[in-house]
Amino acid sequence: MKTFAEGEMAHLEQEHIDYVSNWIRWITAEWKCERERTETHNSDLWLKPIDERVKEGTCISNLHPIGEEMSNSQRVLISFSRNNSSVCPFKPGDVCLLSNKKHVSIAFTVIDQVSDDVVRVSCDKTLRNRYDAPFHLDKYTISSTIPTTLGNLVCFLQNDEIGARLRNVLVGLVPPKIVELGVVDIPSSVKKIIVRAKLNNEQRLALIHALFTQDYVIIEGLPGSGKTTLISVLIQCLIATNKKVLLAAFTHSAVDNILGKLKKEVSTDKILRLGSSSTIKEEIKTMTLKAKLENESSEDYYNAVKRVMKTTPIVACTCHHVPRELLFSYRQFDVVIIDEASMVLEPLILPVLATSSKFVLVGDCKQLTPLVVSKKAKLEGAGVSTMEKLQNAHPKSIVSLTSQYRMNKELAMLSSKMFYQNRLICGNEAVARSSLDRTGDYTVTGDVEEHLSKALSGEISNSCVFLDTQSVSRQEMRCEDAEDGGIINNGEAKVVVELCQRFIENGIKPHEIGVITVYRRQVENIRKMLKNEALEVNTVDSYQGREKRIIIWSLAWTDNSSKKSELLRDERRVNVALTRARQKLVVVGCKKSAESIPVLFRFSQMITNHSSIPV
Ligand SMILES: Nc1ncnc2c1ncn2[C@@H]1O[C@H](COP(=O)(O)OP(=O)(O)OP(=O)(O)O)[C@@H](O)[C@H]1O
């Protein structure tokens with residue numbers, strides 16, 4: 001056995017074995033953390049009263065069946081009427097456990113549709129005359145992507161060209177070959193696309209590097225700098241020269257945003273979107289395998305699947321999907337483009353890199369990094385993405401996009417000074433000078449309390465405002481530690497709701513406002529109080545890559561808490577929070593508490609607009 005193992009590993013150096021051993025240790029540590037978390041959550045189904053679970057946003061109750069039908073895939077679709085006074089915490093695709101008062105766990109279900117008064121689930125059994133209403137649905141947390149992540153390490157160990165390439169880049173840290181800009185010959189079809197796309201100089205440079213790379217390119221794109229735009233143009237250019245492209249990203253929304261732009265320029269026949277259909281945006285669904293095979297007869301079905309899978313030139317999916325898809329075991333691409341590369345854990349990127357000898361990493365290492373729960377694994381380096389590792393190893397090879405088209409100059413200046421050594425600039429004058437009162441649809445009406453005048457002002461000089469809740473003197477503004485480790489701040493939630501209402505009264509549409517906070521429990525809290533589904537309340541993490549005209553950030557944590565506010569101490573998360581608003585950012589929180597956190601102290605010192613809610 002020993003001889004066999006030694007033979008199988010003869011192509012590996014000690015540093016390769018160390019790399020794999022480290023990752024096995026780190027992934028196992030993550031697995032342990034995840035098991036502890038899901039076991040506690042799932043045991044709540046038996047141990048916690050329903051009302052409490054509803055309050056915590058993990059359960060919806062009082063459901064009455066109103067109809068059953070069969071789906072195309074022979075699953076039972078059950079519709080329930082629901083009380084619409086609360087916001088449904090579930091979205092299509094979530095796995096839930098269906099129960100009633102007598103029977104816990106009648107069936108596993110998948111949420112199919114949610115509206116104000118009906119929730120529809122798919123399930124493998126019928127309820128007819130077998131169980132009594134009312135029913136309830138609990139979120140069920142299933143592990144996990146971790147076994148696949150471990151399996152991905154095999155790509156790195158392979159005794160072939162692909163394995164050798166991965167080992168050279170990721171452990172040998174072989175630098176990318178320099179693209180000689182003076183000698184590249186740009187085909188006329190590509191020139192036309194570049195001219196039509198009206199890219200700025202930095203974007204053009206990045207595009208040329210990506211088109212002519214012989215191995216890999218790292219494109220650092222600061223917030224709002226046109227990464228999505230650039231990737232869409234890059235794919236158009238590659239297709240124009242008959243190249244086959246794999247597009248992968250960390251999140252479904254990043255994949256779909258790029259495809260949304262691309263489909264305006266490229267026929268959807270040339271794009272195959274892989275992944276579970278419940279997570280794919282409606283406008284992208286025509287690009288899925290299911291949609292492409294809709295009109296195929298059953299005799300031709302198998303051949304049609306093979307044809308679509310083998311010949312569609314652009315394939316797109318999340319990084320998580322790649323190791324699960326048979327297609328990638330027999331198809332190689334001319335180039336693989338990975339968006340949000342700074343968020344991907346290295347073992348997740350291995351099977352993606354294995355699909356092509358050329359890759360383009362696009363992302364921003366000053367925004368969110370891969371999520372690693374185990375403190376030990378994080379400390380030892382598991383949270384460093386491939387993009388960050390290569391960027392640190394080869395700083396001269398980075399191509400940067402620093403002109404941004406999202407934030408006005410006041411907002412851009414904050415993040416630019418705090419995180420980018422003044423490199424983040426406005427792409428044009430219109431972006432730089434944009435403010436609420438310039439658009440003509442926002443006017444502050446009625447009497448405005450003095451402490452809200454800056455927060456509601458549409459003037460550009462008031463683009464960023466810190467509204468101090470003075471929690472030291474106002475008991476109702478202090479946060480509460482929730483049992484599950486989260487944080488809630490009811491006082492702040494009320495202030496946020498008031499601000500949203502006032503912005504809407506003065507002309508802003510609900511979908512133009514985003515409410516963010518780093519605490520999931522505070523998200524649920526504010527959602528319940530707001531009762532406005534058009535106005536999106538979400539965590540800072542889920543806002544990465546997104547923007548709104550107005551952002552209201554509830555800090556939630558105050559220094560009476562027994563917790564150390566780790567989420568707020570993370571500079572990269574603060575950077576994401578500060579770079580989501582186009583025209584207005586209102587930070588609601590206790591100034592004294594915030595200033596005990598180094599990165600928020602710097603932020604508070606930098607802005608001139610502070611108002612205090614009177615005691
Ligand atoms: N060269 C350009 N000239 C003018 N506007 C541009 C240019 N490039 C991009 N934009 C605009 O800037 C906005 C942001 O672009 P995009 O969504 O591509 O940025 P991003 O870098 O992907 O953002 P994020 O940081 O959220 O990932 C879009 O409205 C886009 O149309």
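All values reported here derive from a predicted model rather than from experimental measurement. For the numbers below, each heavy atom of this structure counts, side chains included, while hydrogens, waters and symmetry mates do not. Atoms within a ligand are numbered from 1 in the order they appear, just like the ligands themselves.
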Those residues that, when tested against Arg502, pass salt bridge (Lys or Arg N to Asp or Glu O under 4.0 Å) (two or more places apart):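 Here the qualifying residues are Glu449, Glu498.
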For Asn575 and Tyr420, does a side-chain donor sit closer than 3.5 Å to a side-chain acceptor?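 Side chains of Asn575 and Tyr420: pair found under 3.5 Å.
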Under 3.5 Å, is there a donor-acceptor pair linking the side chains of Arg569 and Ser565?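 Side chains of Arg569 and Ser565: pair found under 3.5 Å.
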ring-ring contact (aromatic ring centres under 6.0 Å, His included) pairs, two or more places apart, involving residues 213-267: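 Passing the test, one end in residues 213-267: Tyr216-Phe359, Phe250-His320.
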Ligand-protein N/O pairs under 3.5 Å (ligand 1):
{"unit_1": "ligand 1", "atom_1": "1 (N)", "unit_2": "Lys198", "atom_2": "O", "d": "3.4"}
{"unit_1": "ligand 1", "atom_1": "1 (N)", "unit_2": "Gln203", "atom_2": "OE1", "d": "2.9"}
{"unit_1": "ligand 1", "atom_1": "1 (N)", "unit_2": "Tyr405", "atom_2": "OH", "d": "3.4"}
{"unit_1": "ligand 1", "atom_1": "8 (N)", "unit_2": "Gln203", "atom_2": "NE2", "d": "3.0"}
{"unit_1": "ligand 1", "atom_1": "18 (O)", "unit_2": "Thr228", "atom_2": "N", "d": "3.2"}
{"unit_1": "ligand 1", "atom_1": "18 (O)", "unit_2": "Thr229", "atom_2": "N", "d": "2.9"}
{"unit_1": "ligand 1", "atom_1": "18 (O)", "unit_2": "Thr229", "atom_2": "OG1", "d": "2.7"}
{"unit_1": "ligand 1", "atom_1": "19 (O)", "unit_2": "Gly226", "atom_2": "N", "d": "3.1"}
{"unit_1": "ligand 1", "atom_1": "21 (O)", "unit_2": "Ser225", "atom_2": "N", "d": "3.3"}
{"unit_1": "ligand 1", "atom_1": "21 (O)", "unit_2": "Gly226", "atom_2": "N", "d": "3.0"}
{"unit_1": "ligand 1", "atom_1": "21 (O)", "unit_2": "Lys227", "atom_2": "N", "d": "2.8"}
{"unit_1": "ligand 1", "atom_1": "21 (O)", "unit_2": "Lys227", "atom_2": "NZ", "d": "3.2"}
{"unit_1": "ligand 1", "atom_1": "22 (O)", "unit_2": "Lys227", "atom_2": "N", "d": "3.4"}
{"unit_1": "ligand 1", "atom_1": "22 (O)", "unit_2": "Thr228", "atom_2": "N", "d": "2.9"}
{"unit_1": "ligand 1", "atom_1": "22 (O)", "unit_2": "Thr228", "atom_2": "OG1", "d": "2.5"}
{"unit_1": "ligand 1", "atom_1": "23 (O)", "unit_2": "Arg406", "atom_2": "NH2", "d": "3.3"}
{"unit_1": "ligand 1", "atom_1": "25 (O)", "unit_2": "Gly224", "atom_2": "N", "d": "2.9"}
{"unit_1": "ligand 1", "atom_1": "25 (O)", "unit_2": "Lys227", "atom_2": "NZ", "d": "3.1"}
{"unit_1": "ligand 1", "atom_1": "26 (O)", "unit_2": "Arg406", "atom_2": "NH2", "d": "2.3"}
{"unit_1": "ligand 1", "atom_1": "26 (O)", "unit_2": "Gly545", "atom_2": "O", "d": "3.2"}

Using a strict 4.0 Å threshold on nitrogen-to-oxygen distance, state whether Glu524 and Arg527 make a salt bridge.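 No, no charged N to carboxylate O under 4.0 Å.
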Quick test of your reading: applying salt bridge (charged side-chain N to carboxylate O under 4.0 Å, His left out), list the pairs with at least one residue in residues 196-214, sequence neighbours left out, ordered by first then second residue.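 Qualifying pairs: Arg196-Glu265.
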